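I have placed the structure first, in the form of structure tokens, so that the comments after it can refer back to it.
A note on names: the letters A, B, ... follow the listed sequences, proteins ahead of strands, and every chain is numbered from 1. What you see is a predicted model, and the numbers here were worked out from it, not measured in a lab.
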Amino acid sequence: MAFRIPRGTVDLMPGEVEKWQYVESKARELCRRYHFSEIRTPIFEHTELFQRGVGETTDIVEKEMYTFTDRGDRSLTLRPEGTAGVVRSFVEKKVFGQPQPTKWYYIGPMFRYERPQAGRQRQFHQFGVEVFGTEEPAMDAEIIDLGVQFYQSLGLTGVKVELNSVGCPQCRPVHREQLVKFLTPRKDELCKDCQSRLDRNPMRILDCKNERCKELTQDAPKMVDCLCDECRTHFDAVKEYLDVLGVDYVLNPRLVRGLDYYTRTAFEFTVESKGSQAGTVGGGGRYNGLVKEIGGDDVPGIGFGIGIERTLLALEEQEVTLPIDYGVDCYLVTLGEEAKRQSVTLLKALRQAGCSAERDYLDRKMKGQMKAADRAQARYVAILGENELKANSIVVKELATGEQETIALDQFVDYVREGSRK
RNA sequence: GCGACCAUGGCGAAGUGGCUAACGCACCGGAUUGUGGCUCCGGCAUUCGUGGGUUCGAUUCCCACUGGUCGCCCCA
């Protein structure tokens with residue numbers, strides 16, 4: 001084989017891509033109802049944006065970025081997540097000067113250099129939303145609700161909302177200090193990764209999957225117990241609003257999230273799954289310091305990123321059939337040269353009337369054309385031959401029922417159009 | 001970055017150190033000279049991932065590489 005697709009990427013082939021279109025249309029429709037506007041930012045940005053935005057100590061920045069130098073010697077990086085670019089745009093276009101809040105959504109590819117496995121690719125896709133300019137806890141709750149609605153609209157069941165508050169720059173150091181004090185005497189018993197985390201990002205130790213680490217952190221001080229008054233009030237309000245909205249959630253004091261920019265609300269959407277990676281189908285949280293970090297005013301923000309691949313994977317595992325119509329409205333079967341000549345006009349008329357229409361281009365005999373029509377999942381097969389031409393008529397057969405009738409040629413398009421609407 | 005398993009036609013999948021590499025699906029043609037989905041018949045691999053080695057001989061044994069799948073880490 002001469003060329004092969006790059007590792008960790010996929011071709012979305014016809015038959016599969018319709019599912020994507022369906023999922024995307026659901027996301028767009030939902031965003032319209034929640035009054036979000038779409039934003040499209042570049043898929044690459046200056047490397048420094050992600051270093052600053054996502055955080056130097058994160059795995060993403062440390063080892064997963066697709067970074068390259070362009071011909072002008074600029075260091076650029078394919079976006080590993082959606083928020084940083086959107087924030088950059090918010091700041092650069094001075095959108096903070098317009099009436100707030102700003103409610104945006106995006107759908108597009110993200111890139112991370114990792115070993116591919118179930119539910120993990122190097123190019124993957126996210127549907128994300130971001131809201132700037134409000135700290136109102138109702139917004140936190142509505143965003144979580146929007147995520148839940150998205151999964152629900154697709155027919156996905158069993159989506160769990162895991163919720164936590166990671167505090168703010170005022171109270172987080174308090175927790176951090178307590179945590180380090182608690183863990184330092186036990187440092188030797190922690191796994192290697194966590195030993196280094198202890199200095200750099202001790203909160204992440206709470207999220208370690210290592211059994212021993214889990215034991216050791218069993219009674220470790222929790223972030224939620226260290227929240228300052230403002231953060232506590234906010235967190236309580238978010239929970240209240242979630243209750244009001246009827247959104248079920250599970251408190252997970254160990255939930256940390258891998259990106260440094262989160263403050264206060266942090267959440268994940270999870271689902272039961274065979275693949276070990278695939279369980280997390282989405283996640284997000286509040287990032288009140290990020291806009292300032294990127295060079296803007298001190299504008300609060302909150303958002304989520306939902307993995308399209310993982311959502312599709314979960315739908316597949318649950319054997320959910322998306323209501324997608326792959327069929328063509330009318331397949332035109334022709335017999336003889338004259339009929340073939342006329343077919344292009346008929347096809348065009350059908351298409352202009354809004355129907356999808358197809359014919360044979362391989363000189364197949366009638367049987368072959370019928371077979372092709374069947375394969376194309378045609379609703380109607382229209383047969384045009386010598387007899388029909390002579391009588392200015394055409395035979396229309398409904399494949400599902402096998403019923404057919406001869407109709408006048410000038411009523412043909414209307415007939416198909418009416419039938420296709422049902 | 002680490003580990004395990006795998007690599008045969010468009011797809012799925014058997015197989016053996018030796019002359020013509022099963023089978024199923026799909027596809028094409030025919031039985032049925034103007035009617036699909038069922039049935040029957042026929043057709044469909046001139047590098048068995050790539051390179052090297054062992055051997056009289058390798059798709060089958062060994063090594064390397066590449067790729068895939070799954071897991072660890074982390075995340076969507």
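Distance from the side chain of A:Val395 is smallest to B:rG34 among B:rC72, B:rC70, B:rG34. Listed candidates were B:rC72, B:rA76, B:rU35. Nearest to the side chain of A:Thr280 is B:rA76. The side chain of A:Lys367 has B:rG37 as its nearest neighbour among B:rG37, B:rA76, B:rC70. Here B:rU35 is the nucleotide among B:rA76, B:rU35, B:rC73 with the atom lying nearest to any side-chain atom of A:Met370. In this structure, of B:rG71, B:rG34, B:rG68, it is B:rG68 that holds the atom nearest to the side chain of A:Arg7.
Residue A:Ala373 is classed as having no contact, given no heavy-atom separation below 4.0 Å to the nucleic acid. Heavy atoms of A:Glu386 sit under 4.0 angstrom from at least one base atom. Counting non-hydrogen atoms under 4.0 angstrom, A:Glu309 reaches nothing in the nucleic acid. Counting any heavy atom pair closer than 4.0 Å across all strands shown, A:Gln404 reaches a base atom. Within 4.0 Å of A:Gln377, counting heavy atoms only, lies no atom of the nucleic acid at all. Heavy atoms of A:Val281 sit under 4.0 angstrom from primed sugar atoms or phosphate atoms, though from no base atom.
Take A:Tyr241 and apply the ring-ring contact (aromatic ring centres under 6.0 Å, His included) test, not counting sequence neighbours, and it matches no residue. A:Thr102 is linked by a side chain to side chain contact (heavy atoms under 4.5 Å, CB included) to A:Phe90, A:Val95, A:Gln100, A:Trp104, A:Phe132, counting only residues two or more places apart in sequence or in another chain. The side-chain hydrogen bond (donor to acceptor under 3.5 Å, both in side chains) search around A:Gln342 returns A:Glu338, not counting sequence neighbours. By the side chain to side chain contact (heavy atoms under 4.5 Å, CB included) test, A:Thr134 pairs with A:Pro101, A:Val131, A:Glu136, A:Met139, sequence neighbours left out. Not counting sequence neighbours, the partners of A:Glu114 by the side chain to side chain contact (heavy atoms under 4.5 Å, CB included) test are A:Glu64, A:Arg112, A:Arg120. Contacts of A:Glu29 classified as side chain to side chain contact (heavy atoms under 4.5 Å, CB included), with partners at least two apart in sequence or in another chain: A:Arg32, A:Arg33.
Spacing between B:rA58 and B:rG15 at atom C1', rounded to whole Å, works out to 14 Å. Straight-line distance between the P atoms of B:rC5 and B:rG9: roughly 23 Å, to the nearest whole Å. B:rG18 and B:rU60 have their P atoms separated by 11 Å, given to the nearest Å. Using C1' as the reference atom, B:rC48 and B:rG1 are 34 Å apart when rounded to the nearest Å.
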Could you pull out the protein-nucleic contacts involving nucleotides 24-29 of chain B (nitrogen or oxygen on both sides, under 3.5 Å)?
residue, atom, partner, partner atom, Å
B:rC27, OP1, A:Arg375, NH1, 3.1
B:rC28, OP1, A:Arg364, NH1, 3.1
B:rC28, OP1, A:Arg375, NH2, 3.2
B:rC28, OP2, A:Arg375, NH1, 3.2

What nitrogen or oxygen pairs link the protein and nucleotides 2-6 of chain B at under 3.5 Å?
residue, atom, partner, partner atom, Å
B:rC2, N4, A:Arg115, NH1, 3.0
B:rG3, O6, A:Arg115, NH2, 3.3

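The cationic group of A:Lys103 does not satisfy the cation-pi geometry with A:Tyr105, failing either the under 6.0 Å distance to the six-membered ring centre or the 45° limit from the ring axis.
Listed by first and then second residue, the side-chain hydrogen bond (donor to acceptor under 3.5 Å, both in side chains) pairs involving residues 150-163 of chain A are A:Thr157-A:Gln318, A:Glu162-A:Asn252, A:Glu162-A:Thr270 (not counting sequence neighbours). Residue pairs meeting the ring-ring contact (aromatic ring centres under 6.0 Å, His included) criterion with at least one partner in residues 395-417 of chain A, sequence neighbours excluded, are A:Tyr380-A:Tyr415. Applying the side-chain hydrogen bond (donor to acceptor under 3.5 Å, both in side chains) test to residues at least two apart or on different chains, the pairs with a partner in residues 319-335 of chain A are A:Asp329-A:Ser356.
For the pair A:Leu154/A:Tyr22, a side-chain contact is recorded, criterion being any heavy-atom separation below 4.5 Å from C-beta on.
If you check distances only, the side chain of A:Arg120 never reaches the base of B:rC70 with a donor-acceptor pair under 3.5 Å. A donor-acceptor contact under 3.5 Å is formed by the side chain of A:Glu114 with the base of B:rA76.
A side-chain contact (heavy atoms from CB on, under 4.5 Å) with A:Phe267 is found for exactly one of A:Val238, A:Ile143, A:Leu242, namely A:Ile143.
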When Watson-Crick pairs (N1 to N3 and N6-O4 or O6-N4) and G-U wobble pairs (N1-O2 and O6-N3) count only below 3.5 Å on both distances, what is the dot-bracket string of RNA chain B, with | for other-strand pairs? (((((((..(((.....[....))).(((((.......))))).....(((((..]....))))))))))))....
